[in-house]
Structure formats: structure tokens, C-alpha cells
**Q** 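Okay, here's the structure, questions in a sec.
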Amino acid sequence: MENVRVRIAPSPTGYLHVGTARTALYNYLFAKKHNGVFILRIEDTDKARSSDEMTEIIQEGLNWLGIEWDEGPFHQSDYFSHYREFIPELEKTGKVYKCFCTKEELAGRREQAIKNKIAWKYDRKCLALSESEVKEKIENGNSFVYRIEIPEGKTSFDDLVHGNIERDNAEIEDFVLFRSDQSPIYNFAVVIDDSRMNITHVIRGDDHISNTFKQIHIYKLLNKEPPKFGHMPLILDENKKKLSKRSGTVSVLAFRDKGLLPEAFINFIALIGWNPGNDLEYFTMNEMTELFSLERVTKKGGVFDTKKLEWMNSKYITNCDNNRLYGLLKPLYEKESIILDNFEKEHIFRIFDSVKEKARYVNEFPQLTKFYFKDITEYEEKGMKKFINPERIDYLKDIIESLKGINEFSEKAIEGIYRDYAEKKQLKGADVIHPSRLALTGSTVGPSLFELMSILGKEIVLDRLTKFAQSAI
RNA sequence: GUCUCCAUCGUCUAGGGGUCAGGACUCAGCUCUUUCAAGGCUGCGACACGGGUUCAAAUCCCGUUGGAGACGCCA
């Protein structure tokens with residue numbers, strides 16, 4: 001494939017939508033795969049709803065995900081005054097006409113049609129206007145929009161994922177091209193932009209299929225060659241509805257803030273609506289680029305399964321480099337008044353390693369590892385009832401004495417003490433381990449006891465254990 | 001309502017005339033184990049329905065049903 005040029009054209013609505021992110025990903029992958037160009041274009045025709053800040057948020061989201069664009073961001077609004085330059089050319093075709101129907105009139109007739117159970121479509125009232133009538137209305141200062149006259153026949157295109165899609169033109173209304181203020185309507189602006197930017201493949205969501213028919217008519221009117229179109233299945237919520245704000249979290253950045261790793265998110269989202277054709281489902285962006293093809297995009301809408309996303313994230317966390325985690329987690333720990341820089345990096349890394357495979361979200365780390373940094377003030381009640389009794393406190397006291405004798409406070413040495421003691425006293429390991437865990441972490445769950453003791457260090461361990469033994473009962 | 005798209009375990013999906021219909025997430029159980037996870041193993045679990053074509057249909061065709069999307073001077 002030559003000179004592939006693709007784009008995403010999000011409208012800046014305040015956040016980067018999950019669906020937009022996946023569209024961006026597929027476009028990006030497609031471009032990379034074919035050594036093409038991926039363009040970011042901000043669809044900010046609707047001035048009232050757009051701002052620079054929103055545009056930045058979109059870029060921030062894309063950056064976070066590692067989706068890089070080659071050109072842009074371009075702003076549709078920068079080109080705003082140019083669209084109307086097409087009006088004379090359009091009028092010359094004779095396939096565009098002025099419509100003087102007001103919004104109110106239209107709304108009334110539409111309502112009536114619905115009442116009569118007739119499918120509403122613009123009724124071409126103004127197409128019937130004579131030249132003099134048009135002139136008169138203009139002179140009277142009536143405002144008008146431009147509509148396209150859709151010819152009879154059928155419109156079809158060869159969709160890259162669905163195959164041939166056809167629609168009777170009778171189903172397509174004479175839609176508006178320019179508003180009464182001469183600003184272009186979305187479909188027109190898109191065609192002009194895509195055409196100007198030499199977009200070769202328009203890869204977007206299924207919800208644009210009906211727009212595609214309209215856009216094809218605009219291409220025809222302008223005598224331009226339309227690009228290839230590929231419509232991919234929508235991402236659905238748990239109710240199988242198109243993923244929307246109502247569905248819950250749809251903002252990509254919100255997932256970041258929740259503690260997701262971008263690779264996990266990308267990996268997960270790629271798999272809704274595409275697969276490499278084998279059992280592989282854990283891969284990097286580069287691997288994905290190799291594997292990707294439009295032919296393997298599925299047709300059925302896919303549900304966004306948070307459980308699977310969490311599983312994916314936990315896998316990525318387990319494999320995440322400690323240095324990177326450190327950077328990610330530093331601010332999170334600071335919120336808990338824990339300053340990571342006050343400790344040896346090696347020490348911190350051991351702490352990370354001890355909980356890595358438990359975390360589903362990066363943000364869980366501070367809570368999971370709090371006991372390493374702070375004294376224990378509260379002990380889990382259930383655990384106290386279950387594991388603590390006078391006898392066990394006596395065991396603990398014995399163990400404290402033995403622990404004192406260790407020079408190198410290693411996992412192995414510590415385990416030796418516990419095992420020997422349990423054996424000597426004919427106890428189960430659990431009888432001595434659980435109370436210690438409780439004393440050291442305040443909890444019944446956590447990393448391996450011997451590992452966490454070794455990380456904690458002899459001094460703190462003896463201190464906490466002793467305090468506990470003295471005050472627990 | 002009209003048009004368009006879609007239809008394999010609860011979810012993501014593989015398979016596209018002959019398969020024990022495979023994998024992953026979830027869930028359950030077992031195992032490992034000092035706990036929780038992780039890991040390993042096992043299990044539950046699907047071709048929407050009805051016709052056709054064919055020796056043979058989850059797979060091809062038609063229909064039905066179901067679901068979704070689009071129907072703005074929004075994008």
C-alpha cells in the first residue's frame with residue numbers, strides 16, 4: 001500500500017474517550033504498519049463547545065498511551081473561513097439549494113411526521129421554490145441554509161471491515177451543508193479536510209456508517225475521489241450500549257489516575273474488536289504493529305470488561321520495571337506523607353517486589369506497603385481474636401529472644417529461627433507466624449513474613465514485636 | 001418508526017463445510033503455601049431460531065427473532 005495517510009478527528013469535549021482512543025490506536029497501527037502518516041485533527045467546528053484546554057487534554061491522553069501522531073494537531077477552526085469558498089462551486093453544480101425553512105418549522109413538520117408514523121426526512125419544500133421566490137425571500141432578509149439534493153439511485157461503498165454496504169438514496173435526506181451563518185456542517189468540513197489532507201483511509205467507528213453515505217455524496221458533488229472507508233465495531237458498556245458518559249468511566253485519563261499502566265490499557269483496548277488470529281493476547285505496541293491488520297478487525301461490538309482490564313493491568317504491574325514504578329509511585333506515596341527519596345532505592349525496590357503481584361492498580365501500592373514505613377497503631381480485630389492468646393504471646397517472646405541472636409537478618413536466617421522453634425515446641429508454623437505478621441503489619445494478609453521481616457530490618461522488627469508482646473493481652 | 005450493521009461460553013474471541021467447537025477473563029474446586037495474591041491443575045459454560053443447499057452446516061443461502069447504531073442549522 002502506498003502513501004497511507006490516516007487521521008483521527010476527535011471533537012474536544014473535555015476528555016479523551018475510550019472509543020476515540022481505540023480508533024486512534026487502530027489508525028496509528030495501520031499507519032505504522034504501512035509506513036504511512038497518522039494525523040491528529042481537532043474537530044472544533046462547534047466553537048461553543050471547544051477550548052484549547054480540551055485540545056490539550058486529548059493530546060495528553062494520546063501521549064500517555066504512547067500513540068504518536070506525525071502531523072498536527074490541526075484545528076478545523078483554523079480553516080473555518082475557507083469552507084464557504086466552496087459555495088459558489090457547489091451552487092454551480094445545481095445540486096445544492098437554499099432552504100429557508102426555520103428550525104421551528106422543521107421541528108413542527110418532523111413532529112407531525114412522527115405522529116403519523118412516517119419516517120421523517122426533509123420534505124424538499126424549498127427545492128420546489130422558484131427562482132423569483134428565492135430572490136424574494138432573500139430580499140426579505142430570510143436566512144437560509146444550503147442543502148444538497150440527493151439524486152435517485154443507490155449509494156454503496158466497499159467497507160474495509162464489513163464488505164459492501166449499500167443504501168437506497170431515497171433513505172438519505174437532503175441534508176444541510178452550510179448553516180445560515182455560512183459555517184459548514186460536520187460532514188462537509190470532514191470531506192474537505194480529508195480531501196485536503198489527502199487522507200487515504202478513513203478508519204472510524206460503526207456509528208459513522210450513515211455519515212459515510214452522506215460524505216460520499218459530497219465527494220461526488222465536488223468531483224473528488226473518496227478515500228477508502230473502514231468502520232469498526234463500537235465499544236459497548238455492560239448493557240451492550242455504546243460506551244458513553246452514562247456508562248461510567250470513559251475518560252482515558254481517568255484510567256491513568258486510577259492506577260492503570262498505559263501498556264495495559266492499550267493492550268486491553270486493542271483486543272476489543274481485533275485479535276492477531278492466534279492465542280496471543282499479551283503484547284507490546286511494537287508487536288502489535290507487526291500483527292495488526294484491518295482484515296482481522298471483527299464486526300461485532302465488544303463489551304468493555306473491566307475485570308479483564310484489571311487482570312491485564314496486574315500482569316503489567318508484575319512485569320513493570322522498579323525504576324519506572326518508583327517514578328510513578330513517588331507522588332502517590334507523598335500523599336501518604338511517605339517520602340521515597342528518604343530511603344535507599346534498593347530498599348524501596350525490595351518493598352515493591354514484595355507486593356508487585358498483588359496489586360491490580362498502581363495506586364494500591366501505598367496502602368499495600370504502608371506498614372514498611374509507619375508504626376502499627378491498629379491491629380485487625382478479627383485476626384487478634386483468631387490468632388492471639390497468652391500462650392502464643394509466650395512463643396512470641398521466645399522468638400524475640402532468638403531473633404536477637406541473628407547477625408545477618410536474612411530471610412533464610414529468620415525462617416530458620418521460626419522453623420526450629422516450631423519444631424522444638426511441636427507447633428505448626430502458622431502458630432508462630434500469624435501472630436508475628438499481625439504484630440508487624442497489623443494485618444493478617446501481606447507479603448511473605450520472612451521476606452517482609454528481612455526488609456523491615458532487625459531493629460524495627462524487634463521493636464514492634466516487643467511492643468506487641470507487652471501490650472497485646 | 002425507517003434505514004444500516006451485527007449474531008460462537010456471562011465477557012473478549014479462534015474456527016468459515018467433516019474439530020472432543022480451541023484460548024483468555026470471570027466464577028467454582030483442587031494444588032502449592034505462613035496469610036493474601038501469583039502460579040499449576042481441573043471444572044462449569046457457547047455455535048439465537050426455522051427453513052433450504054449438501055453425503056455432511058456453527059461454517060454457504062433465505063427467512064425469523066434478538067441486539068446495536070444512525071436518523072439535528074451536534075460532532
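Computed from heavy atoms alone, side chains included, the values below leave out hydrogens, waters and symmetry copies. Proteins come first, then strands; the chains are lettered A, B, ... in the order of their sequence lines, and each starts at number 1.
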**Q** Tell me the partner of B:rG45, counting only Watson-Crick (N1-N3 plus N6-O4 or O6-N4) or G-U wobble (N1-O2 and O6-N3) with both under 3.5 Å; none if nothing fits.
**A** none
**Q** Would you mind classifying the nucleic acid contact of A:Val176 as base, sugar-phosphate or nothing, using non-hydrogen atoms under 4.0 angstrom?
**A** sugar-phosphate
**Q** So, is A:Lys299 close to the B:rC6 phosphate, meaning a side-chain N or O under 4.0 Å from OP1 or OP2?
**A** yes
**Q** Can you classify the ring geometry of A:Phe265 versus A:Phe304 as parallel (below 30°), tilted (30 to 60°) or perpendicular (above 60°)?
**A** tilted
**Q** So that I know where these two stand, are A:Phe38 and A:Phe30 an aromatic pair - ring centroids less than 6.0 Å apart?
**A** no
**Q** Decide yes or no, distance alone: a donor-acceptor N/O pair under 3.5 angstrom between the base of B:rC73 and the side-chain of A:Ser180.
**A** yes
**Q** Please write out the pairs of protein N or O atoms and N or O atoms of nucleotides 9-13 of chain B separated by less than 3.5 Å, giving the distance to one decimal.
**A**
| residue | atom | partner | partner atom | Å |
| --- | --- | --- | --- | --- |
| B:rU11 | OP1 | A:Lys240 | NZ | 2.8 |
| B:rC12 | OP1 | A:Val303 | N | 3.0 |
| B:rC12 | O2' | A:Leu271 | O | 2.9 |
| B:rU13 | OP1 | A:Gly273 | N | 2.6 |
| B:rU13 | OP1 | A:Thr298 | OG1 | 3.4 |
| B:rU13 | O3' | A:Asn275 | ND2 | 2.7 |

**Q** Between the side chains of A:Thr155 and A:His217, does any donor sit under 3.5 Å from an acceptor?
**A** yes
**Q** Have a look at A:Cys99 and say if it touches a base, only the backbone sugar-phosphate, or nothing, with a 4.0 Å heavy-atom cut-off.
**A** nothing
**Q** Would you say the side-chain atoms of A:Thr444 and A:His434 include a donor-acceptor pair closer than 3.5 Å?
**A** no
**Q** Among B:rG23, B:rC74, B:rC6, find the nucleotide with the atom closest to the side chain of A:Asp279.
**A** B:rG23
**Q** Among B:rC5, B:rA70, B:rC25, find the nucleotide with the atom closest to the side chain of A:Asp206.
**A** B:rC5
**Q** Using the P atom as the point on both nucleotides, what is the distance between B:rC61 and B:rA7, in whole Å?
**A** 12 Å
**Q** Which nucleotide, in any strand shown, forms a Watson-Crick or G-U wobble pair with B:rC25, with both distances under 3.5 Å?
**A** B:rG10
**Q** I'd like a list of close polar pairs between nucleotides 41-44 of chain B and the protein, N/O only, cut-off under 3.5 Å.
**A**
none

**Q** Does the side chain of A:Arg392 reach to within under 4.5 Å of the side chain of A:Val432, using non-hydrogen atoms?
**A** no
**Q** Within the 3.5 Å criterion, strictly below it, is a donor on A:Thr441 or A:Arg437 matched to an acceptor on the partner's side chain?
**A** no
**Q** Counting only N and O atoms by type, is there a donor-acceptor contact under 3.5 Å from the side chain of A:Asn267 to the main-chain atoms of A:Met312?
**A** no
**Q** Would you indicate what A:Asp159 reaches in the nucleic acid, counting non-hydrogen atoms under 4.0 angstrom: base, sugar-phosphate, or nothing?
**A** nothing
**Q** When you compare B:rC73 with B:rG17, how far apart are their P atoms, in angstrom units rounded to a whole number?
**A** 47 Å
**Q** Would you mind classifying the nucleic acid contact of A:Leu234 as base, sugar-phosphate or nothing, using non-hydrogen atoms under 4.0 angstrom?
**A** sugar-phosphate
**Q** Within the 4.0 Å heavy-atom criterion, would you say A:Glu238 contacts the bases, only the backbone, or no part of the nucleic acid?
**A** nothing
**Q** Could you check whether the rings of A:Phe229 and A:His231 sit parallel, tilted or perpendicular, using 30° and 60° as the cut-offs?
**A** parallel
**Q** Could I get the full list of ring pair (Phe, Tyr, Trp, His ring centres under 6.0 Å) partners for A:Tyr79, not counting sequence neighbours?
**A** A:His82, A:Tyr83
**Q** Under 4.0 angstrom, heavy atoms only, what part of the nucleic acid is A:Glu310 near: base, sugar-phosphate, or nothing?
**A** nothing
**Q** Under a 3.5 Å cut-off for both distances, is B:rU4 Watson-Crick or wobble paired, and to whom?
**A** B:rA68
**Q** Could you measure between the two C1' atoms, the one in B:rA57 and the one in B:rU8, and give it in whole Å?
**A** 14 Å
**Q** Answer yes or no: does a side-chain N or O of A:Arg167 lie under 4.0 Å from OP1 or OP2 of B:rA70?
**A** no
**Q** Taking the ring of A:Phe292 and the ring of A:Tyr26, is the distance between their centroids below 6.0 Å?
**A** yes
**Q** Mind jotting down which residue pairs meet the salt bridge (Lys or Arg N to Asp or Glu O under 4.0 Å) criterion with at least one end in residues 164-173 of chain A? Sequence neighbours excluded, please.
**A** A:Lys154-A:Asp168
**Q** Work out how far the P atom of B:rC3 is from that of B:rA14, and round it to whole angstrom.
**A** 30 Å
**Q** With both distances kept under 3.5 Å, what pairs with B:rA58, Watson-Crick or G-U wobble?
**A** none
**Q** Between B:rA70 and B:rA75, how many Å separate the two C1' atoms, rounded to a whole number?
**A** 13 Å
**Q** For A:Leu106 and for A:Leu309, find the nucleotide of RNA chain B with the closest heavy atom, then tell me which residue's nucleotide is more 5'.
**A** A:Leu309
**Q** Can you tell me if A:Arg147 touches the phosphate of B:rC73, counting only side-chain N or O atoms and a distance under 4.0 Å to OP1 or OP2?
**A** yes
**Q** Using atom C1' of each nucleotide, how far apart are B:rU33 and B:rG16 to the nearest Å?
**A** 46 Å
**Q** Strictly below 4.0 Å, heavy-atom distances to any atom of RNA chain B: list the hits from residues 115-125 of chain A, or just say none.
**A** A:Ala119, A:Trp120
**Q** Distance between the P atoms of B:rG29 and B:rC36, in whole angstroms?
**A** 13 Å
**Q** Is there a donor and acceptor pair closer than 3.5 Å between the side chain of A:Thr444 and the base of B:rU35?
**A** no
**Q** For the C1' atoms, the ones on B:rG66 and on B:rC20, what distance do you get once it is rounded to whole angstrom?
**A** 30 Å
**Q** Give A:Phe450 one of three labels, base, sugar-phosphate or nothing, depending on what nucleic acid heavy atoms sit under 4.0 Å from its own.
**A** base
**Q** Take the protein atom CZ of A:Arg437 and the nucleotide atom P of B:rU33, then report the distance between them rounded to whole Å.
**A** 16 Å
**Q** Verify the contact: side-chain N or O of A:His208 to OP1 or OP2 of B:rA70, cut-off strictly under 4.0 Å; return yes or no.
**A** no
**Q** Mind checking who B:rU53 pairs with, Watson-Crick or G-U wobble, both distances under 3.5 Å?
**A** none
**Q** Applying a 4.0 Å non-hydrogen cut-off, can you work out what A:Leu449 is touching in the nucleic acid: base, sugar-phosphate, or nothing?
**A** base
**Q** Which residue lies toward the 5' end of RNA chain B, A:Val445 or A:Lys241, if each is placed at its nearest nucleotide?
**A** A:Val445
**Q** Under a 3.5 Å cut-off for both distances, is B:rU35 Watson-Crick or wobble paired, and to whom?
**A** none
**Q** Between A:Arg179 and B:rC74, is there a side-chain N or O to OP1/OP2 distance below 4.0 Å?
**A** yes
**Q** Are A:His75 and A:Phe80 close enough that some pair of their side-chain heavy atoms sits under 4.5 Å apart?
**A** no
**Q** NZ of A:Lys220: more than 12 outside heavy atoms within 6.0 angstrom?
**A** yes
**Q** Closest to the A:Glu43 side chain: B:rU34, B:rU4, B:rA75?
**A** B:rA75
**Q** When you measure from the side-chain N and O atoms of A:Arg360 to the phosphate of B:rU26, is any distance below 4.0 Å, counting only OP1 and OP2?
**A** yes
**Q** Can you name the salt bridge (Lys or Arg N to Asp or Glu O under 4.0 Å) partners of A:Glu401, sequence neighbours left out?
**A** A:Lys404
**Q** Just to confirm, is there a sub-4.0 Å distance from OP1 or OP2 of B:rA70 to any side-chain nitrogen or oxygen of A:Lys242?
**A** yes
**Q** With a 3.5 Å cut-off and heavy atoms only, can you find an N or O donor on one side and an acceptor on the other between the side chain of A:Lys103 and the base of B:rC73?
**A** no
**Q** Answer yes or no: does atom CD of A:Glu111 have more than 12 heavy-atom neighbours from other residues, nucleotides or ligands under 6.0 Å?
**A** no
